[in-house]
Peer 1: 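A single structure is presented below for examination.
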Amino acid sequence: MEPVNLAIVYYSATGNVHTLAQAAAEGAEKAGANVRLRKVAELAPPEAINANPAWGQHIQNSADVTVVSLDDLAWADAVLFGTPTRFGNPASQLRAFIDTTGPLWREGKLTDKVYSAFTASNTVHGGQESTLLALANTFYHWGGIIVPPGYADPIQFKSGNPYGTSHVAGEGAPGEVAVQAARFQARRVVETAAALKAGRAASFQAG
Ligand SMILES: Cc1cc2nc3c(=O)[nH]c(=O)nc-3n(C[C@H](O)[C@H](O)[C@H](O)COP(=O)(O)O)c2cc1C
């Protein structure tokens with residue numbers, strides 16, 4: 001069977017979500033997927049970016065990551081979205097990309113894919129779940145198959161968020177637990193998408 005195509009589409013201002021996205025890419029590749037790691041375009045004005053040295057630094061550090069296009073979504077069997085929490089919601093940079101998907105949605109090209117999401121916030125109760133659930137609203141509209149990590153692996157009892165890998169950036173860069181959780185989430189998404197792909201191929205052949 002053809003490997004699963006996984007797009008990891010993320011926004012990161014200061015690198016935490018970028019680290020989770022890279023860990024997810026590792027997990028997905030190990031699970032046998034073709035992976036496209038894609039950032040969304042930065043939309044913030046230079047004065048906002050320049051006010052935070054870590055922000056500008058991360059833009060330089062991630063210059064080699066390709067900016068996402070609609071073709072990445074059309075290509076994918078599964079999509080993992082990553083975003084920082086912004087006042088309890090996904091970042092506007094990621095939302096702006098999502099708001100360009102109307103043509104794909106209208107053609108039914110976002111339906112039946114596997115979707116899942118991960119996040120970072122500054123504090124433990126800073127809105128990780130609300131951010132992930134807000135993204136899931138869109139997955140429902142797309143007719144997506146939402147695959148959360150739940151407690152389906154021992155790492156989830158350490159990382160503790162069944163809605164999606166979540167990192168508390170106020171405590172420092174993502175450590176081993178968050179990285180392992182992101183790898184697991186990606187593997188779970190790939191394995192679920194692979195089962196669906198195989199099942200659909202079999203039922204297509206059976207007519
Ligand atoms: C405009 C803005 C709003 C934010 N809102 C929240 C919030 O509601 N809760 C929280 O814990 N952190 C909040 N943060 C902190 C970010 O979530 C945190 O810096 C981010 O997760 C780090 O991820 P990154 O390094 O990938 O950019 C906010 C940051 C900004 C700039």
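Remember, it's 1-based here, ligands and their atoms both numbered in the order they're listed. The structure displayed is predicted, hence computed values, not measured ones.
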Peer 1: Going by heavy-atom distance to atom 5 (N) of ligand 1, choose the closest among Trp55, Tyr11, Phe87.
Peer 2: Phe87
Peer 1: N/O to N/O below 3.5 Å, does that happen between Ala120 and ligand 1?
Peer 2: yes
Peer 1: Which of these, Thr123, Asn122, Thr85, has its nearest heavy atom closest to atom 28 (C) of ligand 1?
Peer 2: Thr85
Peer 1: Would you say the side chains of Thr138 and Arg95 form a donor-acceptor pair under 3.5 Å?
Peer 2: yes
Peer 1: Could you give the side-chain donor-acceptor pairs of residues 79-87 under 3.5 Å, partners two or more places apart or in another chain?
Peer 2:
unit_1 : atom_1 : unit_2 : atom_2 : d
Thr83  : OG1    : Ala91  : N      : 2.9
Thr85  : OG1    : Thr119 : OG1    : 3.4
Thr85  : OG1    : Thr131 : OG1    : 2.9

Peer 1: When you measure from the side chain of Gln128 to the backbone N and O of Ser166, does any donor-acceptor pair fall under 3.5 Å?
Peer 2: no
Peer 1: Which residue holds the protein heavy atom closest to atom 24 (P) of ligand 1, what is that atom called, and what is the gap in Å?
Peer 2: Thr14 OG1, 3.4 Å
Peer 1: For atom 20 (C) of ligand 1, find the nearest protein heavy atom and state the residue, atom name and distance (0.1 Å precision).
Peer 2: Pro84 CB, 3.6 Å
Peer 1: Show me the side-chain donor-acceptor pairs of residues 197-207 shorter than 3.5 Å, one per line, residues at least two apart or across chains.
Peer 2:
unit_1 : atom_1 : unit_2 : atom_2 : d
Lys197 : NZ     : Pro3   : O      : 3.0
Lys197 : NZ     : Asp77  : OD2    : 2.8
Arg200 : NH1    : Asp112 : O      : 3.2
Arg200 : NH2    : Asp112 : O      : 3.1
Ser203 : OG     : Gly199 : O      : 3.3
Ser203 : OG     : Arg200 : O      : 3.1

Peer 1: According to the interplanar angle, ranging from 0 to 90°, do the rings of Tyr115 and Phe139 count as parallel (below 30°), tilted (30 to 60°) or perpendicular (above 60°)?
Peer 2: parallel
Peer 1: Starting from atom 26 (O) of ligand 1, which protein heavy atom do you reach first, and at what distance in Å?
Peer 2: Ser12 OG, 2.6 Å
Peer 1: Identify, by atom number and element, the atoms of ligand 1 in contact range of Gly88, meaning under 4.0 Å from any of its heavy atoms.
Peer 2: 8 (O)
Peer 1: Can you establish whether the number of heavy atoms outside Glu107 located under 6.0 Å from its atom CD is more than 12?
Peer 2: yes
Peer 1: Going by the order shown, which atoms of ligand 1 are within less than 4.0 Å of some heavy atom of Ala13?
Peer 2: 24 (P), 26 (O), 27 (O)
Peer 1: When you measure from atom 29 (C) of ligand 1 to every protein heavy atom, which one gives the shortest distance, and what is it?
Peer 2: Arg86 NH1, 3.3 Å
Peer 1: Evaluating non-hydrogen atoms only, which member of Ser92, Ala48, Gly127, Gly126 is closest to atom 7 (C) of ligand 1?
Peer 2: Gly126
Peer 1: Flag yes if more than 12 heavy atoms outside Tyr163 fall under 6.0 Å of its OH atom; otherwise flag no.
Peer 2: no
